[in-house]
Amino acid sequence: MTNIIILGPPGSGKGTQSKILVEKQNFFQISTGDLLRKTVESGTEEGNKIQKIMESGELVSDEMVIEMILVEMSTNNSKKFIFDGFPRNIAQAKALDSAFEDKSMILDFVLLLDVKLDFLENRIKSRIAESDPSNIRKDDNVETLSKRLNVYKKITYPIIDFYEKKNKLVRINGMDSIEDVTNKIIQIIN
Ligand code: ADP
């Protein structure tokens, strides 16, 4: 059973590739961003709080996302997981390590979608341009993107080193075409 993390800056294609891997390789996707957006849609007080944090480009609390991950893992036992957008800092990476250990599961690969940071602004701009106006993510705008990129550089970056030391990290050129990136991933994990 292969379990992978897909890692990369905002706009690097994690969500796109994860969804393709669900289709083509039968993975179960655990995306904290998607789970949080669902909570926001619920319109509860908690959802409203999360919405504000997401729109600011900051991270929501570790406690909340770790709880979400644990629930998803437990309710989808014996599936092969692709983690998308999680972990995003060292505390989350350690919590995931413990969850794997508790469940006697193995993390096989951490796939880093390497994308030059100046490339991302253009990607997000075209994502906005191509989206149905009623469907644009509230955090997809140039101001929030620069905040999200700063959070990535400061807070998420150290987990690259964390997984490199565990010999789990594989770098993939995220500036290649969607299809080329998918093919590369499939080649690595199989
Ligand atoms: P992207 O990777 O393009 O930034 P996501 O959908 O993964 O988009 O995340 C959107 C927002 O959701 C983040 O900016 C953050 O506020 C919140 N978020 C997602 N995953 C996490 C996480 N693991 N920990 C804390 N906050 C998260």
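For ligands, and for the atoms within them, numbers begin at 1 and follow the listed sequence.
Between Asp84 and Ser18, the closest heavy-atom pair is CB-OG, 3.4 Å.
Using a 4.0 Å cut-off to heavy atoms of Pro10, the atoms of ligand 1 that qualify are 1 (P), 2 (O), 3 (O), 4 (O). Close approach of ligand 1 to Val60 (heavy-atom distance below 4.0 Å) involves ligand atoms 25 (C), 26 (N). Residue-ligand proximity, Phe86 to ligand 1, at heavy-atom distances under 4.0 Å covers atoms 23 (N). Using a 4.0 Å cut-off to heavy atoms of Gly11, the atoms of ligand 1 that qualify are 3 (O). Within the listing of ligand 1, atoms 12 (O), 17 (C), 18 (N), 19 (C), 27 (C) sit less than 4.0 angstrom from a heavy atom of Leu36. In summary, the atoms of ligand 1 found under 4.0 Å from a heavy atom of Glu58, numbered by their order in the structure, are 15 (C), 16 (O). Near Gly85, meaning under 4.0 Å from any of its heavy atoms, are these atoms of ligand 1: 20 (N), 21 (C), 22 (C), 23 (N).
Ligand 1 does not have Met64 within reach: every non-hydrogen atom of the residue lies 4.0 Å or more from it.
At least one side-chain heavy atom of Tyr152 sits less than 4.5 Å from a side-chain heavy atom of Tyr157.
Sorted by first then second residue, the side-chain hydrogen bond (donor to acceptor under 3.5 Å, both in side chains) pairs that include residues 98-111, not counting sequence neighbours, are Ser74-Lys103.
Applying the 4.5 Å side-chain rule to ILVMFWY residues, one finds Leu59, Ile155 in the same cluster as Val151.
In summary, Lys165 and Asp161 engage in a salt bridge, as defined by a charged side-chain N under 4.0 Å from a carboxylate O.
In Arg148, the part holding a heavy atom less than 4.0 Å from any atom of ligand 1 is the side chain. In Leu59, the parts holding a heavy atom less than 4.0 Å from any atom of ligand 1 are both the side chain and the backbone.
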